[in-house]
Colleague: 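I'd like to ask some things about the structure below.
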Amino acid sequence: MRNRLYRVCLVLVAVFLAVSCGKKVVIESYALIPEPVEMTMEKGCFSLSSSTKCYAGSMGQNDPVMKYISSRLRQWHFNPVLAGKPEANCLQFLINEAYDQELGEEGYTIDVDKDGVVVSANSEKGLFYGFQTLVQMLPEDVSEVRYSKIDLPYCHIKDYPRFDWRGCHLDVSRHFFGVSQVKKLLDLMSLYKMNKFHWHLTDDHGWRIEIAKYPLLNDIGSWRVDRDNQPWGEADPAGEDEQRTNGGYYTKEQIAEIVEYAAERFIDVIPEIEIPGHCCAVLEAYPSFACAGDDTTYTVQFGPYWPPRAILCGGNDSVMTFLKDVMDEIVPLFPYKYIHIGGDEAEKDNWTRCPRCKKRMKELKLKDYEQLQSWMIVEMEDYLRGQGRSIIGWDEILDGGVSPDATVMSWRGEKGGIAAARRGNDVIMTPIDYCYFNFYQADAEFQPPAMPNSLITLRKVYDYNPMPNGLTTSQRKHILGAQANLWTEYINTPEMTEYMLLPRLCAMSENLWSPLNVKNWQRFRSNVARHTVRLEANDYTVGTGSFKPMITVEKTADGNRMVTFDWEVEGTRLYYRVDDGKFVKYEEPFEVEKGSRVSTVSFYMGMMKEKVYEFEIKN
Ligand code: ACM
Ligand code: ZN
């Protein structure tokens with residue numbers, strides 16, 4: 001009996017110690033991404049502890065945003081006991097009584113002073129973004145370490161976004177990613193105040209959404225033989241009768257679950273259904289939707305289809321019925337303004353040989369095949385307009401003429417976006433040279449395989465300004481914002497989606513939220529260093545490309561070579577050796593003879609970031 005009592009006491013002491021003896025920390029400075037519009041620091045600190053309460057003002061504790069905030073606070077062992085009135089030692093989340101024009105719908109203010117933290121905004125959305133900033137004010141490892149006291153320096157923040165459209169795209173056709181990974185991406189987006197999730201649900205390599213009326217889209221179009229252990233573009237063809245084990249699709253319940261999860265994070269979900277090209281998955285399931293005379297056998301397969309000749313017949317009424325039927329099932333699942341109808345890279349070869357397409361063109365007096373595509377798109381636009389929706393299309397939709405209501409996603413550079421804004425169409429900028437995060441982020445030799453011959457470094461993303469030059473004030477209003485695109489030909493694991501997005505998504509978020517006058521590469525790269533710790537503590541995989549040395553070799557007057565290293569993430573430590581010498585820490589540019597072999601290795605937070613990189617000084 002005594003023994004049992006003793007054991008119970010020991011357990012109680014252990015529980016008491018676990019609860020009360022968390023770490024204490026004093027935050028020295030805040031590393032916020034995106035950088036707020038205004039932030040002023042003051043002397044003194046407020047101590048956030050388990051006795052700090054929460055006050056939800058007029059919203060009350062059952063407001064969805066307060067529920068989200070409380071559950072996050074609880075994860076970090078802060079007890080969000082709700083106060084009935086504002087009091088000292090309190091986190092207050094308040095909706096402004098009078099609308100603050102400067103903050104708008106998404107802005108917020110944060111005040112940290114001796115009484116606690118006050119986050120205020122005109123809307124729940126603004127409070128949500130204020131809370132994301134507060135999250136970033138906590139220690140980087142708050143999700144892993146139990147803190148009993150966090151000293152937050154006094155500050156005043158005023159913040160609101162530069163652009164309305166702060167997007168991230170995910171291609172789930174080339175590789176399929178499950179519900180939990182999509183949710184993890186939505187969490188990541190919300191940390192960086194991004195608000196549009198563009199979900200690329202259909203393409204040649206798989207149809208990814210349940211459509212009840214056309215079950216073969218899923219039974220056939222969502223599956224292919226597994227070649228994930230072979231390089232994209234060099235995979236063995238499918239064997240006869242080989243099982244199709246790679247793929248999948250989202251059921252309607254799963255779509256609803258994700259849309260709801262996104263809504264809790266103030267993220268709109270924009271589904272993309274590709275019309276009229278990128279449709280091998282449709283054509284394998286329903287070959288009659290191909291052009292007359294097209295005797296290609298389309299299959300859902302691994303590896304590129306190039307040139308992309310698969311195209312839905314523009315002259316077949318049953319194709320238009322099919323597309324409208326699909327939209328009838330899509331629209332109720334996505335309660336937002338936009339449906340993306342694709343429109344990119346549709347080779348029209350099959351149309352040129354198809355009697356049905358020719359007949360349609362003659363009847364409608366269409367001059368060329370671009371106009372036939374345009375007719376299909378406008379038909380779909382009208383149909384969707386009837387259901388209260390607007391379309392977005394890739395910039396090819398401009399080629400055959402476009403309605404003034406369509407929003408253009410400019411990917412083949414900025415040209416399409418500029419032309420569209422001049423015509424009065426809304427535009428989302430996503431030029432391939434800056435916004436394609438499937439491109440390498442550093443020297444290909446040291447990176448996992450990505451799109452060949454491509455390079456978009458963190459710095460390049462950071463230097464991108466989504467507002468193109470040469471537009472008038474009224475044309476500029478049509479640039480809604482920009483987004484990062486993640487095409488997944490070369491990305492076949494959840495970790496790789498994160499590896500390619502991070503840290504470049506941090507740069508895109510700042511491009512889209514922060515005003516130009518607060519952007520600063522030196523500050524940003526040091527913030528990225530701290531965010532890398534935060535992201536890894538939250539189980540995200542951060543790409544190593546930005547830790548790679550950037551190497552410059554210049555001739556010296558005496559015929560030797562001067563080698564200079566630079567790096568993107570502040571805090572990276574580089575070591576190098578010449579020929580078979582010892583590794584030494586890089587402090588400043590150094591001179592070597594032509595023909596020398598130089599090896600480098602980079603460390604970050606005590607961890608080696610990649611294997612040793614050796615190169616020869618040739619020229
Ligand atoms: C695209 O990259 N084909 C939009
Ligand atoms: Zn046709």
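Heavy atoms only: backbone and side chains are in, while hydrogens, waters and symmetry mates are out. Every number for a ligand or one of its atoms is a count from 1 in the order of the listing. The first residue of the sequence shown is numbered 1, and numbering continues consecutively from there.
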Colleague: Would you mind listing which atoms of ligand 1 come within a distance below 4.0 Å of any non-hydrogen atom of Trp487?
Modeller: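 Going through ligand 1 atom by atom, the ones under 4.0 Å from Trp487 are 1 (C), 2 (O), 4 (C).
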Colleague: Take atom NZ in Lys415; do more than 12 heavy atoms of anything else shown fall under 6.0 Å from it?
Modeller: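 Not buried by this count: 12 neighbours or fewer within 6.0 Å.
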Colleague: Can you confirm whether the side chains of Asp463 and Tyr434 place a donor and an acceptor under 3.5 Å from each other?
Modeller: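 No, no side-chain donor-acceptor pair sits under 3.5 Å.
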Colleague: Quick check for you: with the Zn ion (ligand 2) as the vertex, what angle do SG of Cys357 and SG of Cys313 span, to 10°?
Modeller: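 For SG of Cys357 and SG of Cys313, the angle centred on the Zn ion (ligand 2) reads 110°.
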Colleague: Is the NZ or CZ atom of Lys519 both under 6.0 Å from the centre of the six-membered ring of Phe524 and within 45° of that ring's axis?
Modeller: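 The answer is no; the distance or angle limit is not met.
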Colleague: For ligand 1, which atoms, with element, lie under 4.0 Å from some heavy atom of Tyr436?
Modeller: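 Counting from 1, the qualifying ligand atoms are 1 (C), 2 (O), 4 (C).
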Colleague: May I have the step-by-step check of salt bridge (Lys or Arg N to Asp or Glu O under 4.0 Å) for Glu568 and Arg504, ending in yes or no?
Modeller: CA-CA 11 Å; Glu568 296 193 308; Arg504 291 182 289 188; over 6 Å; no
Colleague: Give yes or no for whether the N/O distance cutoff of 3.5 Å, strictly under, is met between Trp411 and ligand 1.
Modeller: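 For ligand 1, there is no N or O atom that lies under 3.5 Å from one belonging to Trp411.
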Colleague: For atom 3 (N) of ligand 1, what is the nearest protein heavy atom, given as residue, atom name and distance?
Modeller: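 That would be Asp344 OD2, 2.7 Å.
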Colleague: Glu106 and Arg166: salt bridge (Lys or Arg N to Asp or Glu O under 4.0 Å), yes or no, with the steps?
Modeller: CA-CA 12 Å; Glu106 298 187 295; Arg166 305 182 299 277; 2.9 Å; yes
